[in-house]
Amino acid sequence: MAKAKRETPSKSKAAPRERRLTWHGLRRWSLRGLVVAVVLPVLYVMALAFVNPPITPYIWSERARLGEVRWDWVNLEDMPPHVARSFVAAEDANFCLHWGFDMGAIRLALEEGANRGASTISQQVVKNVFLWQGRSWPRKALEAVLTPVMEATWSKRRIIEVYLNVAELDEGVFGVGTAGPWYFGVEAGALSAAQAARLAAVLPAPKVRSAKEASARSRSIADGAATIRADGRAACFES
């Protein structure tokens, strides 16, 4: 009696399974890549709550463009309190009152159009330390994700400390530790209230404005710094 011939699966029947396995593997590695792309930036944000940034994307790009930049780090406790107050008064008077986004300022910006900015100091730190410059929806989306992470893991004192050290205050001049000697010939710890207000007044256009002379804006910032000290809006970074 002849043995029944065992049927061997044809290549055409095996091919769909191979394609399914390939698609499954591709999906698995894509998910892993997505997790890494999300987790690593979040871990880096959390690490900088304790470690000073070695460099920022913008400082790196300016160094490549200019050949060199000036950047000296100064701890917040080594600056007079009126330095932080001046920059907060100039850029984000409600810094102590929000969680990264100033919803009132955002509403005003929407009502008044593109000429009015609504970016908080927290958002500026995220942009300056972790992202790239320029206006684009991908950058704005990443900024919207990373700003709450930073606010949840950094103290307000840490946010303003990093801000004061990475803000561009003249072309290729970053941070008040560099800008004090650059403009006035004094270290950050010796800046007067008027000098601090003049430094803050160059924002948000440091390549165009200069802190060498007092201006109506710098005098207004000095008044604003005194106001936020008196009404308690500086308490979160002075405690």
Atom of Trp71, atom of Pro54 and distance for their closest heavy-atom approach: CZ3-O, 3.5 Å
Tyr44 and Phe130 aromatic ring geometry - parallel, tilted or perpendicular at 30°/60° bounds: perpendicular
Are any side-chain N or O atoms of [X] and backbone N or O atoms of [Y], one a donor and one an acceptor, separated by less than 3.5 Å?
{"X": "Asn165", "Y": "Glu161", "value": "yes"}
{"X": "Thr147", "Y": "Ala144", "value": "no"}
{"X": "Glu91", "Y": "Val88", "value": "no"}
{"X": "Thr227", "Y": "Asp223", "value": "yes"}
{"X": "Arg198", "Y": "Lys212", "value": "yes"}
{"X": "Lys156", "Y": "Phe95", "value": "yes"}
{"X": "Asn75", "Y": "Glu77", "value": "no"}
{"X": "Arg157", "Y": "Cys236", "value": "no"}
{"X": "Trp154", "Y": "Val149", "value": "no"}
{"X": "Ser86", "Y": "His82", "value": "yes"}

Residue pair Tyr183 / Val173, side-chain heavy-atom distance below 4.5 Å: no
Note, Leu48 side chain near Val129 side chain (heavy atom, < 4.5 Å): yes
Connected via hydrophobic side-chain network under 4.5 Å: [X] and [Y]:
{"X": "Ile221", "Y": "Tyr163", "value": "no"}
{"X": "Leu97", "Y": "Ile121", "value": "no"}
{"X": "Val145", "Y": "Met150", "value": "no"}

Quick one: do [X] and [Y] make a salt bridge, cutoff under 4.0 Å?
{"X": "Glu238", "Y": "Arg85", "value": "yes"}
{"X": "Glu62", "Y": "Arg70", "value": "no"}
{"X": "Glu143", "Y": "Arg139", "value": "yes"}

Between CG on residue Leu169 and CG on residue Leu203, distance to nearest 0.5 Å: 5.5 Å
Gap separating the CZ atom of Phe174 from the CD1 atom of Ile59, nearest 0.5 angstrom: 5.0 Å
Polar contact flag, side-chain donor to acceptor under 3.5 angstrom, Glu151-Ser122: yes
Gln133, Arg63, Glu168 screened by side chain to side chain donor-acceptor pair (under 3.5 Å) with Tyr58, the one that passes: Glu168
